[in-house]
Novice: 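Questions regarding the structure given below will be posed in turn.
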Amino acid sequence: MHKYAVLVSGRGSNLEAIINSVKKGIVPSMPSMVLTDNSSAKALEFAKKAGIETCFVDPKLHKGKKRMGDEIVRLLKAKGIDTICLAGFMRIIGKNVVEAFPRRIINIHPSLLPMFPGLEAQRQALDAGAAVSGCTVHFVDEGIDTGTIIEQSRVDVLKNDTVETLSARILEREHAVYPRVLASLLNGSLLS
Ligand code: GAR
């Protein structure tokens, strides 16, 4: 049985969707840990409510990508965790983490990659005048949103869309897509 951690930095709506999907039997098990780089992340409330162990890795104590990564690997390995699900973790994962969990780290991004990687993907889509955007679940490598794409879902950009309205429609799609992909990674039906 694979054990997984969800890494979060903020609001935690994708974590909430994962927890709800466990309750519905779509995802086979609860996360073994919710790890954050932000001690005031709202996501921690969802974790605590569901009785999931939480862990704060303080970037001020572990300066730089390498040290932060070493600490994350140490904490997860100590719990026997072999799979990582990034859910709004706004930090670039170091080479050490990628190498410690080969093809076992997934991320969700609010655009149709390779279009609009990095920050504010929804704003980038609007600024570019894109007619279509969406979300992408991908394996994480050392680049920024560059890993192998697992699944994508298209969302039309509407004429009067703002960053808020487009983000909300994409987010709704994220909540449907991400738990399903996580489930397939955990039950072995996704060839990694
Ligand atoms: C989501 O829209 C997710 O796709 C995005 O951050 C949001 C987190 O929301 N991630 C990225 O942009 C990663 N590059 P949440 O905290 O409510 O799940």
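Since we're looking at a predicted model, the values are computed, not measured. Whatever order the structure lists them in is the order used to number ligands and atoms, beginning at 1.
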Novice: Run through ligand 1 for me and note each protein residue having a heavy atom under 4.0 Å from it, chain first, then residue number.
Specialist: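 Close residues (ligand 1, cut-off 4.0 Å): Arg11, Gly12, Ser13, Asn14, Gly88, Met90, Ile108, His109, Pro110, Asp145, Leu171, Glu174.
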
Novice: Using a distance-only test with no angle check, is there a side-chain donor-acceptor pair under 3.5 angstrom linking Asp37 and Ser9?
Specialist: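 Yes - a donor-acceptor pair under 3.5 Å links their side chains.
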
Novice: Does atom CZ (Arg169) have a neighbourhood of more than 12 heavy atoms from anything else shown, all under 6.0 Å?
Specialist: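 Yes, the 6.0 Å shell around CZ holds more than 12 heavy atoms from other groups.
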
Novice: Tell me whether Lys42 is salt-bridged to Glu45, with the criterion being a basic N under 4.0 Å from an acidic carboxylate O.
Specialist: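 Salt bridge between Lys42 and Glu45, a charged N being under 4.0 Å from a carboxylate O: no.
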
Novice: For a side-chain contact (heavy atoms from CB on, under 4.5 Å) with Asn107, tell me which candidate from Asp145, Ile93, Val137 qualifies.
Specialist: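 Only match with Asn107 under side-chain contact (heavy atoms from CB on, under 4.5 Å): Asp145.
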
Novice: Only one of Leu112, Val155, Val157 passes side-chain contact (heavy atoms from CB on, under 4.5 Å) with Val132; say which it is.
Specialist: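 Of all the options given, the one that passes is Leu112.
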
Novice: Looking at Asp70 and Lys66, does any basic side-chain N land under 4.0 Å from a carboxylate oxygen?
Specialist: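 Salt bridge flag = yes for Lys66 with Asp70.
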
